[in-house]
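See below for the structure under consideration.
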Amino acid sequence: MIEMDEKLYPFDKIEPKWQKFWRDKKLFNVDTKNYTDKYYCLMMFPYPSAALHVGHGRNYIIGDVVARYKMMRGFNVLTPMGFDAFGLPAENAAIKGGIHPKTSTLNNINTMKRQLNQWGVEYDWDRVVISCLPEYYKWTQWIFVKLYEKGLAYKKKAFVNWCPSCKTVLANEQVVNGKCERCDSVVTQKDLEQWFFKITHYADRLLQDLGKLTEWPERVKTMQANWIGKSEGVEIDFKIENFSEVLRCFTTRVDTIYGATFIALAPEHPLVDKLIKGVKDEAAVSKAVGKMRDESKIDRSQANVEKEGVFTGRFVINPVNSKKIPIWVSNYILMEYGTGAIMAVPAHDERDFEFAKKYKLPIEVVIDDPKNHLNAVTMKEAYVGEGVMVNSDKFSGLKSVDAVKKIADYFEDKKFGKRSVQYKLRDWLISRQRYWGAPIPIIYCPKCGTVAVPDKDLPVLLPENVEFRPTGESPLKAAKNFVSTKCPKCNGPAARDTDTMDTFVDSSWYFLRYITPHLNDKPFDTDLVNKWLPVDQYIGGIEHAILHLLYSRFITKFLHDIKMTAFDEPFKNLFTQGMIIKDGAKMSKSKGNVVSPDKLIADYGADTVRLYTLFIGPPEKDAEWSDRGAEGAYRFLGRVWRLVEKVHSLQPAGNNNKEATKEAESLRRKLHQTIKKVTEDLDGGFHFNTAISAIMELVNEAYDYMAKSKNGSGSEIFKEAVKSLIMLLSPFVPHIAEEMWQATGGSGSIFKCKWPQYNEAFITEKVITIPIQINGKLRSRIEVDTDISEEALKMAVLSEDKTKNWIGGKEVKKIIIIPKKLVNVIIP
RNA sequence: GCCGAGGUGGCGGAACUGGCAUACGCGUCGGUCUCAAAAACCGAUUUCCUCACGGAUAUGAGGGUUCAACUCCCUCCCUCGGCACCA
């Protein structure tokens, strides 16, 4: 621990002073109507929790650096902040502690604002958006109504994910490994009537348009593509023997149709009951099916459940060869995917193979592996690869990849089936049986049925005096004054919907509200929004790769379709920062490994915490927090402070670069190299760690210069270096930078200044050191003029002492010269 | 199983388009200052051999391409993240 009696510099006086300055001068406020070059820098708005730790800070610090840097590059930077303020934690805390969610949420918001301020992270606070306030959720409800009007919000009864601990339903995206994303309880299935948004309507566009998002991290796009899960195949209609109905199956491997030896149905398939009625062992079959149906109510994907099945006693006819194929019911078929029925080809599908082995069903090879011929009797696993068609009538001999297309054509021609596309993506379940959310703006009228609340009656206010203990039923049901209302159509008595919306609905459009946050006749102003969006830079955690980012893209596309926005992708650049971990684990109260910024800021100042957070490693990767490392950042700032103290005034800045000593040239070169490096690191990506290390090198060089040169800190080049140094540091450590800027004669805010420029001419050296390799191994170095000719360089190298020794009179076979880089001499 | 990211000193990590591996920081060791300590400053620090000069050796493992490989190719191992009975 550094002894804290004496501070390396008076950060405790500096930091509050400049925080107040920025706010008083409204440095971060922007007029969205008047601007020249806009830059929308957005950080994912947080859920208002009681206290932030240094891990949370990373997101805001990165965003603040970007905003300040862009400001110095001359942009009108919009950097707003808000709060994703509805949600379960506040409600759960209220149940425990008896404080109303609204009270605790608004308190937490104040705490967070104070913490952000302490970090020196600044926003245009005039635009704050708080999703739990009626002026905001009015428009969340409005979006719901628009979706409803377009048929994209609908209610249906379905098996849905149910968290027994949160006592509410969950969207598919909120179930992680069969557990509740929030509380880790095992999720069960319940047959309930719920509200859905038809995100599947946009499945293909959501997938296709990932291609437009060239500035998004590859992994996020991959995750979304996996989640949407598109597969192309064929739906085949099988005639059922002795029935008028057909059985429709989806397959991506229509090339294996001749190898189908059984059909498998999901236990919930609507035809199952009809099929088994009147068969020989009806009672036994029915019992087996019933058992599978019960089991399927717990999430089957949870564990690798043993495949079970039962023969229905019925058959379909294979359209290609009129063979009879038995119909089975099995637990490995999911009703939610495809048609809930498959043609099983054991020879070429792992699952079908496993099932066929267990129930001794026939296995027929129809695609042969040219390298290793298959044998249906001896094969130990399904062959799922490509190959040559066999036992497939007129298709035999074709390559299986080609047969896929040919057979699909044949099927469409003969009307046996048609091409079809399936997605894993499910509609978004958005109703919740909880209190702390935006009420669903729907009224049920005995005469008129389901009626959306008209725009003029929005918002549907969330009543405050409600008993909101979770019972599994919506707490709003008990609020009689809320429930009973009049039908907007017939004015007769009617009842309100008592569910609230998933908080991910709130957060799927907030970035649009920031542009015109106080409008009360529209959710946002379309003209202005079209000017400011898409967001230039979005910054947030990878945990939102699917949920929030997919939902926001969906809602944006919908708003685009109803002509509310001109763009259909909300975020142009996306940056996902890694987590900061401690003792090998994510920081959490329960693990007791939370690093609080409060003590660190008290001991070393906010600039130190910022600098270390940025220096810790590449920001997109997880990083381990080290208190010692933070001390190093503090030491560095002390070192900078003392360096700047040597200089009384930088004004007027000397741009005479007359001093031609070796030291001066070296410092000048380092300075311009550093400006270049830092600029490129900030423009080309988020390479804060390497930008900072470059600045550290410049500081080292400046100290070196002071020790070695005659003029020391009085020289023009030294002043110039210090002036640029302060500017280069300013986005990272804004408080100390402003203070040093002022102390050396700068006026106003440093963030109103222009970012330093580098001059390539100062970077190139007159003399460079070229490494000499003998047979690829470094053996010596030589100092030569930068613009030396290859011939002269060759001569110089060959006459260099060490090199001569290494060559030792042997024949030089070849010399490879990479200009300005290296020379490699090849000898036997 | 499939997809994605990654594996470099005691630690966090650098290395452009194949061209001096280990920048910068932390830690450790030594020194300066001091009565002493802390802070600060200066120096050393891949590993091994050598008093030293110097040499050998190293980017998960093994092969390959090349004058030259952390970087490209092949085989394999490990870590992390996502998806997963998706027909």
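Convention: sequence-line order gives letters A, B, ...; per-chain numbering from 1.
Nucleotide C24(B) forms a Watson-Crick or G-U wobble pair with G12(B), both donor-acceptor distances falling under 3.5 Å. With a 3.5 Å ceiling on both atom-pair distances, the Watson-Crick or G-U wobble partner of C80(B) is G4(B). If you check G43(B) for Watson-Crick or wobble pairing at under 3.5 angstrom, you find it paired to C29(B). The partner of A36(B) cannot be assigned: no Watson-Crick or G-U wobble pair with both contacts below 3.5 Å exists in any strand. With a cut-off of 3.5 Å on both pairing distances, C85(B) has no Watson-Crick or G-U wobble partner at all. Pair assignment for U75(B) gives A61(B), based on Watson-Crick or G-U wobble hydrogen-bonding distances that are each under 3.5 Å. Across all strands shown, G19(B) forms a Watson-Crick or G-U wobble pair, both distances under 3.5 Å, with C67(B).
When distances run from any side-chain atom of Arg639(A) to the nucleotides G4(B), C20(B), C41(B), the shortest one goes to C41(B). Distances were taken from every side-chain heavy atom of Ile333(A) (C-beta onward) to each of G25(B), A87(B), A84(B); the shortest belongs to A87(B). Taking the side chain of Thr222(A) as heavy atoms from C-beta on, and the options C3(B), G25(B), C26(B), the nearest nucleotide is C3(B). Each of G27(B), A56(B), C85(B) was ranked by its minimum atom distance to the side chain of Arg635(A); first place goes to G27(B). Considering only side-chain atoms of Asn824(A), the nucleotide from A87(B), C67(B), A14(B) that sits closest is C67(B). Of the listed nucleotides (C85(B), G55(B), C26(B)), C85(B) has the atom at the smallest distance from the side chain of Tyr332(A). For Arg779(A), counting side-chain heavy atoms from C-beta on, the closest listed nucleotide (G55(B), C24(B), A40(B)) is G55(B). Checked against G55(B), G82(B), G19(B), the side chain of Ile818(A) finds its nearest nucleotide in G19(B).
Between Ile581(A) atom CD1 and C11(B) atom C1' there is a gap of 13 Å when expressed in whole angstrom units. In this structure, Phe636(A) places its CZ atom 14 Å from P of A40(B), rounding to the nearest Å. Remark: P of C24(B) and CE of Met696(A) are 10 Å apart, rounded to the nearest angstrom. Spacing between atom CE of Met579(A) and atom P of G6(B) amounts to 17 Å, rounded to whole angstrom units. Distance, Phe732(A) CZ to G25(B) P: 16 Å, rounded to whole Å. A straight line from CD of Glu620(A) to P of A5(B) spans 13 Å, rounded to a whole angstrom. Summarising the geometry, the separation between CG on Asp603(A) and C1' on A39(B) is reported as 16 Å, rounded to the nearest angstrom. Between the CD atom of Glu218(A) and the P atom of C83(B) there is a distance of 17 Å, rounded to whole Å.
With C1' as the reference atom, C51(B) and C72(B) are 44 Å apart, rounded to whole Å. Comparing C24(B) with G18(B), their C1' atoms are spaced 24 Å from each other, to the whole Å. Comparing A39(B) with C49(B), their C1' atoms sit 39 Å apart, to the nearest whole Å. The separation of C29(B) from C73(B), taken at their P atoms, amounts to 44 Å, rounded to a whole angstrom. Only the P atoms considered, A23(B) is 13 Å distant from A15(B), to the nearest whole Å. Between the C1' atoms of U47(B) and G9(B), the separation comes to 9 Å (whole Å). Across C83(B) and U28(B), the matching P atoms stand 42 Å from one another, rounded to whole Å.
Looking at heavy-atom distances under 4.0 Å, Ile816(A) makes contact with a base. Using a 4.0 Å heavy-atom cutoff across all strands shown, Lys621(A) reaches no nucleic acid atom at all. Counting any heavy atom pair closer than 4.0 Å across all strands shown, Thr339(A) reaches no nucleic acid atom. Among the heavy atoms of the strands lying under 4.0 Å from Leu822(A) is at least one base atom, whether or not backbone atoms are also near.
Between Asn700(A) and A23(B) there is no side-chain polar atom (N or O) within less than 4.0 angstrom of OP1 or OP2. Under 4.0 angstrom from either OP1 or OP2 of C3(B) there lies no side-chain N or O belonging to Lys221(A). Within the structure, every side-chain polar atom (N or O) of Arg628(A) is placed at least 4.0 Å from both OP1 and OP2 of G12(B).
With hydrogens and angles left out, the side chain of Lys814(A) and the base of C67(B) share no donor-acceptor pair within 3.5 Å. Judged by distance alone with a 3.5 Å cut-off, no donor-acceptor contact links the side chain of Asn226(A) to the base of C83(B).
When side chains are defined from C-beta on, His348(A) does not count as touching Val384(A), because their heavy atoms never get closer than 4.5 Å. With a 4.5 Å cut-off on side-chain heavy atoms, Glu697(A) and Lys670(A) count as touching. Between Tyr604(A) and Tyr612(A), every side-chain heavy-atom pair lies at or beyond the 4.5 Å cut-off. You'll find the side chain of Arg253(A) stays beyond 4.5 Å of the side chain of Val345(A), heavy atoms only. Put simply, the side chain of Phe718(A) reaches to within 4.5 Å of the side chain of Met706(A), judged on heavy atoms. Between Ile263(A) and Ile342(A) there is no side-chain heavy-atom pair separated by less than 4.5 Å.
Checked against the 6.0 Å centroid threshold, Phe615(A) and Phe688(A) do not count as a close aromatic pair.
Geometric assessment of Lys7(A) against the ring of Phe11(A) yields a positive cation-pi assignment under the 6.0 Å and 45° thresholds. Phe238(A) does not carry Arg248(A) over the face of its six-membered ring by the limits of under 6.0 Å from the centre and within 45° of the normal.
The pair Lys358(A)-Glu306(A) counts as a salt bridge, with a side-chain nitrogen and a carboxylate oxygen less than 4.0 angstrom apart.
Taking the nucleotide of RNA chain B with the nearest heavy atom to each of Ile616(A) and Leu778(A), the more 5' of the two is matched to Ile616(A). Residue order along RNA chain B, read from the 5' end via each residue's closest nucleotide, puts Lys777(A) first among Lys777(A) and Gly338(A).
In the model, Asn59(A) has a side-chain atom that pairs as donor or acceptor with a side-chain atom of Gln577(A) under 3.5 Å.
Under the side chain to side chain contact (heavy atoms under 4.5 Å, CB included) test applied with Val220(A), the options Thr576(A), Leu550(A), Leu213(A) reduce to a single match, Thr576(A).
With a glycosidic angle no further than 90° from 0, G9(B) counts as syn.
Considering CG of Leu671(A) and OG of Ser724(A), their distance stands at 4.5 Å, rounded to 0.5 Å.
Within residues 680-693 of chain A, the residues approached by RNA chain B to less than 4.0 Å at the level of any non-hydrogen atom are Asn689(A), Thr690(A), Ser693(A), in residue-number order. Taking a 4.0 Å limit (strictly below) on heavy-atom distances, residues 341-350 of chain A reaches RNA chain B at Ile342(A).
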inquiry  = Run Glu760(A) and Lys676(A) through salt bridge (Lys or Arg N to Asp or Glu O under 4.0 Å) and show every step you take.
reply    = CA-CA 9 Å; Glu760(A) 203 69 50; Lys676(A) 186 179 183 187; 3.4 Å; yes

